[in-house]
Amino acid sequence: MTGVGYSDLLAALAPETALVLAAVAVLFVDMGLMRSAPLRQRFLTACAVAGLGCLVTLGILASSGAHLRFLDGVLVVDSLTQWVKVFLVVLTLFTAGISAQAEFTEHVGEYFALVLLATVGMMFLVSTEEILMIFVSLELTSLSLYVLAALDKRTRHASEAALKYFLFGSVAAAFTLFGLSLVYGLSGATNLTGIAAGLRAHRSDPLLAVAVVMVIMGFGFKVAVVPFHLWAPDAYEGAPVPAAALIASGSKVASFFVLAKIAVLGFAGVEGSGAWGQLRAGWLPVLAVLAVGSMVLGNLTAIAQGHLRRLLAYSAIAHAGYVLLGLMAMGYPSQRSAALAAVLYYVATYGLTTVGAFGVASVIERVLGNGRIDALAGLSRRSPLLALCLMVFLLSLAGIPPLAGFFGKFGLFTAAMGADPAGLGLLWLVGIAIAMSTVSLYYYLRVLKQAYVVAGDEEASRIVVPWTDRLVLIAAAVGVFLLGALPELLLGPLARAIAGGNGF
Amino acid sequence: MQDILFYVFAALTLVCGFLVVANPISRSPVTSALFLVLTIVSLSGLFVLLHAFFLAAVQIVVYAGAALVLFLFVIMMLDLKAEERRRITRLGLIGGGLVAVAMAWLFRVVPREAALVASGPAHVEGSTPALGALLFTQYLLPFEAISLVLVAGMVGAILLSRKEPS
């Protein structure tokens, strides 16, 4: 480490440090001061402390504009990583917001501390280009999320889902680690640019093929693409709603960003080709197979779901397939920055939409006692606000203009169309994606039909939405609408950040 | 001498590793765990041959000492008789066989066509000062991040193992 002192490192890590301190503070406040207070008050206090920590972190992120690169890429801070961290902290803030009225556990302090620790892991994940650090931060995120998923100990079902998530996750982590160690063995480097240079002599090595597939398998689990998706429906349904929201939003944003980094920077030169009729070995065809599987299976299976959160899980699998199209477009240098901007816009707005949808699910499940889609009947009369928010989120997921989901999909698909300089190589994937988006409209509308058209119980009372949930839902819905109507609000700064970054 | 020792330790590792999962004499999980201890001890012998004395010691202290003792505790709390009675099913046999054939094929193909970077004698920075220096300079951040992983793990373990009052 030349010319870099420990204090420089600490200064660059100020946002993460603030969040860790917030996690410790939540633990102390809840265990020390609020011990005998009623559960409701403890949740509100802990939520306030965690929210304050998130706001301070956002402030630090907004005020720092330095471009730093420490220790061969162990820590990379530039405006792009700052933006992704802002997304992550905002999603965490919303997650904390929808947990404020929760009652699923008595371990309030631990719950919020783990949410914050998971976010710290995600923030480390996006600001590193070093495989050792990638693995450690991935484990920090995963371990916290496993525990969060298992927090609801009241039902057998939840424990089963958590165990499934944990077992799948640890096997996937083993695959990632094995793949990364093979990559290290081949290239002799642990930072991504060094890996790309070291792999130059080994492009046709079968060991490299094994390594690439294993690494992508591990991350395929994190982002829940077919065939590594089996945990997702159970975990989304069984975990406490806010924890599921974090698993579905923040963790996805960070995992997609780091997967793109590994593929584009680390596996540069082993792209292969995913164009129709001219598949060549590399990471592009692997992603193509995963994308097709996710889009087709995710969308078709979602049709048959009767539980709102299970439906969201299968729709998440489908959306992961769309994002993979954007990652594939990044494999072609001519389109790289446009595709990166499209991917980041998509995952950010998708995260926002998902947190909102889970927020609606959380209120509904608290009041109705179950999250089945049939139970939504008459929702528009019982709570116009909930029904309206649900409509905004689901239509955005379906990709209806002027909501953010439309622009996200539009950006991804145009990036994928224009990616191949030799022609419309990825057109076949875009074709499948558009056809499957049409299918997706059906199941989203089915939910909305329950909420708006089907008459419910006439005697049912109005649903009172607590102010914290109302705040989060309205903020998320307005965000989804604004970012869809004025995509430049986000795309402009993102493009500037990408242009000012280090080529990624 | 070195070569002979390498083959001895490598063979011990493989044989004990095999006996962990498929012991023809005893089906008791305790025997499996004890063979895992032997596997780890012979692995640390391999580390010694690479002059990585610190790694060898850590291998024994952490894995054989701490992790496996925990394993044994957990195993003792389970119903051992049920595990011993369990027979290998046909499906498991076929699946396991397929995986074994695939792995054997990989081991045949890959070493023939692949070359690792370090083709000469391996140079392992295994001495304690070198490792320590790396941990506090180049790999400082992962080292610190692991402490957060431990915090998360600890909070999680306390949380999940506590009995709920209801």
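Letters A, B, ... mirror the listed sequences (proteins, then strands); counts begin at 1.
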Spacing of CD belonging to B/Gln138 relative to CZ belonging to A/Phe70, to within rounding of 0.5 Å
13.0 Å
Heavy-atom cut-off 4.5 Å, strictly under: side chain, backbone, both or neither for A/Ser159 against chain B?
neither
Please determine, among A/Val120, A/Thr141, A/Leu132, the option with the most heavy-atom pairs under 4.5 Å with chain B.
A/Leu132
So, the part of A/Glu16 with a heavy atom under 4.5 Å from chain B: the answer is neither
Side chains of A/Met133 and B/Tyr139 in contact at under 4.5 Å (non-hydrogen atoms):
no
Under 4.5 Å, counting heavy-atom pairs only, tell me which of B/Ile158, B/Leu141, B/Val149, B/Val155 racks up the most with chain A.
B/Leu141
In terms of heavy-atom contacts, B/Ala145 and A/Val136 come closest through CB-CG1, 3.7 Å
Hey, could you give me the OH/CG distance between A/Tyr146 and B/Leu160, rounded to the nearest 0.5 Å?
13.0 Å
Are more than 12 heavy atoms, taken from residues, nucleotides or ligands other than A/Phe104, located less than 6.0 Å from that residue's CZ atom?
yes
With a 4.5 Å cut-off on heavy-atom pairs, point out which of B/Val151, B/Leu148, B/Leu150 contacts chain A the most.
B/Leu148
With chain B as the partner, which of A/Leu148, A/Ile134, A/Leu114, A/Thr105 has the greatest number of non-hydrogen pairs under 4.5 Å?
A/Leu114
Please report the closest heavy-atom contact between A/Leu140 and B/Ala152, naming both atoms and the distance.
CD1-CB, 4.2 Å
Could you tell me whether B/Ile4 atom CD1 has more than 12 heavy atoms of other residues or ligands within 6.0 Å of it?
no
Heavy-atom count check: over 12 atoms from other residues, nucleotides or ligands less than 6.0 Å from A/Phe135 CZ?
yes
Determine whether A/Tyr111 and B/Leu159 make a side-chain contact, defined as any pair of heavy atoms from C-beta on separated by less than 4.5 Å.
no
